[in-house]
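Input: a single structure, listed below in structure tokens.
Fair warning: this is a prediction, and the values are worked out from it, not measured in the lab.
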Amino acid sequence: EKLDGIFVLLNGNLADDFFRTTLQRNLSVPIITTSLVTDDNRLVNLGKAAHGVHHISAWSKNISNKENEIFVKGYKKLYTKKPDQFGFLGYESGLIINDAILKCQGDISGNRLAKGIRSCEIESPGGRISVNKKSGFVKNPVYLCETKLSGFNIPENVILDQYAAVSEFDEHFISSNTDLRSGFIN
């Protein structure tokens, strides 16, 4: 029986070893993973083993919007290297906190700050985001990406598609067999 695909929930050296092993064993099965495994700064460790791997991400340096251009340019200037997923998540968290504090108008008590966060709707390097008032989860677009080899056999991530934000309370997201919900917590 042939596999439809494999979802890999590993990171760091364990993920690198897994992908190198699939290359060495010539396994040809679709693989999808998290953006932390295929972060641009990790791809150098994977080389050819990363070719064809798909991942879902809230951000890529290749997203074409004004906020991302400002973020990538500013990050490179400040740190003299390209931003990674963790840099993006920290920056986006800062945008959310800044937006909430501005809404507090000087009164940053716990309740006022929480209300400010729950009412967050901003443009981020990853696209338009908001915070779900019920759950507190960030609603953001996600991107389906694939790692491909360039002309010099250097792996790089390419955005294949963008998916709009869907609330974890949306009827299309809810499984009819469970009360479980999911969401990306930034």
Side-chain angles (χ1 to χ4, degrees), residues 1-65 68 71-72 81-90 92 124-130 132 134-186:
E1 195 172 324
K2 188 176 178 191
L3 291 174
D4 292 331
I6 298 173
F7 177 74
V8 178
L9 188 57
L10 298 169
N11 61 29
N13 293 335
L14 286 173
D16 295 350
D17 291 345
F18 174 84
F19 288 109
R20 280 193 216 97
T21 301
T22 60
L23 177 67
Q24 291 167 352
R25 299 213 180 215
N26 241 358
L27 296 178
S28 60
V29 60
I31 297 174
I32 192 163
T33 188
T34 68
S35 59
L36 298 177
V37 172
T38 54
D39 188 82
D40 289 340
N41 297 328
R42 301 244 7 117
L43 289 179
V44 69
N45 299 324
L46 294 174
K48 290 180 181 179
H51 181 66
V53 173
H54 289 81
H55 70 271
I56 300 293
S57 184
W59 173 80
S60 165
K61 72 178 190 313
N62 300 322
I63 295 171
S64 182
N65 68 35
N68 199 38
F71 167 64
V72 171
K81 65 179 185 175
K82 295 176 186 175
D84 60 10
Q85 294 291 322
F86 292 108
F88 160 71
L89 291 172
E92 188 172 78
S124 153
R128 181 122 183 106
I129 66 169
S130 62
N132 186 299
K134 288 183 188 177
S135 69
F137 289 154
V138 173
K139 279 181 29 179
N140 56 288
V142 294
Y143 301 87
L144 173 62
C145 302
E146 181 178 9
T147 304
K148 297 184 178 186
L149 296 178
S150 71
F152 298 105
N153 281 332
I154 297 170
E156 53 189 358
N157 292 316
V158 177
I159 297 172
L160 300 177
D161 208 349
Q162 175 182 343
Y163 300 92
V166 176
S167 167
E168 67 276 17
F169 295 102
D170 186 286
E171 65 185 44
H172 296 96
F173 191 74
I174 298 171
S175 168
S176 59
N177 298 333
T178 181
D179 288 334
L180 295 176
R181 304 289 182 272
S182 181
F184 183 74
I185 302 175
N186 190 357

- Task: Please indicate whether Asn13 has more than 12 foreign heavy atoms, meaning atoms of other residues, nucleotides or ligands, lying under 6.0 Å from its CG.
- Result: no
- Query: Does atom CG of Asn62 have more than 12 heavy-atom neighbours from other groups under 6.0 Å away?
  - Reply: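 Counting other residues, nucleotides and ligands, CG of Asn62 exceeds 12 neighbours.
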- Task: May I ask you to decide if Glu92's main-chain N or O and Ser124's side chain share a donor-acceptor pair within less than 3.5 Å?
- Result: no
Could you tell me the separation between the [atom1] atom of [X] and the [atom2] atom of [Y], rounded to the nearest 0.5 Å?
X: Cys145; Y: Leu160; atom1: SG; atom2: CG; answer: 7.0 Å
X: Ile32; Y: Ile6; atom1: CD1; atom2: CD1; answer: 12.0 Å
X: Ile159; Y: Glu146; atom1: CD1; atom2: CD; answer: 13.0 Å
X: Lys139; Y: Ser130; atom1: NZ; atom2: OG; answer: 4.5 Å
X: Leu144; Y: His54; atom1: CG; atom2: NE2; answer: 5.5 Å
X: Phe18; Y: Thr21; atom1: CZ; atom2: OG1; answer: 8.0 Å

Qualifying residues under side chain to side chain contact (heavy atoms under 4.5 Å, CB included), relative to [X], sequence neighbours excluded:
X: Asp4; result: none
X: Thr34; result: Phe7, Leu9, Leu36, Val37
X: Asn45; result: Asp16, Arg20, Arg42
X: Ile154; result: Ser150, Phe152

Looking at every non-hydrogen atom in both residues, tell me the closest pair between [X] and [Y] and how far apart they are.
X: Pro141; Y: Ile129; answer: CD-CG2, 4.5 Å
X: Asn68; Y: Asn65; answer: N-OD1, 2.6 Å
X: Ala50; Y: Thr147; answer: O-CB, 3.3 Å
X: Leu149; Y: Gly47; answer: CD2-O, 4.1 Å

- Message: Quick one, Asn157 with Leu43, criterion side chain to side chain contact (heavy atoms under 4.5 Å, CB included). Give me CA distance, side-chain angles, the key distance, then yes/no.
- Response: CA-CA 9 Å; Asn157 292 316; Leu43 289 179; 3.7 Å; yes
- Item | Of all pairs that satisfy salt bridge (Lys or Arg N to Asp or Glu O under 4.0 Å), the ones with a partner from residues 23-41, not counting sequence neighbours |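 Residue pairs passing salt bridge (Lys or Arg N to Asp or Glu O under 4.0 Å), neighbours aside: Asp40-Lys61.
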- Can you tell if the side chain of Gln85 reaches within under 4.5 Å of the side chain of Ser57, non-hydrogen atoms only?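 Yes, their side chains come closer than 4.5 Å.
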- Message: Taking ring-ring contact (aromatic ring centres under 6.0 Å, His included) as the definition, give me every residue that meets it alongside Phe71, ordered by chain and number, with sequence neighbours left out.
- Response: Trp59, Tyr75, Tyr91
- Could you go step by step and tell me if Phe88 and Ser60 meet the side chain to side chain contact (heavy atoms under 4.5 Å, CB included) rule? CA-CA 9 Å; Phe88 160 71; Ser60 165; over 6 Å; no
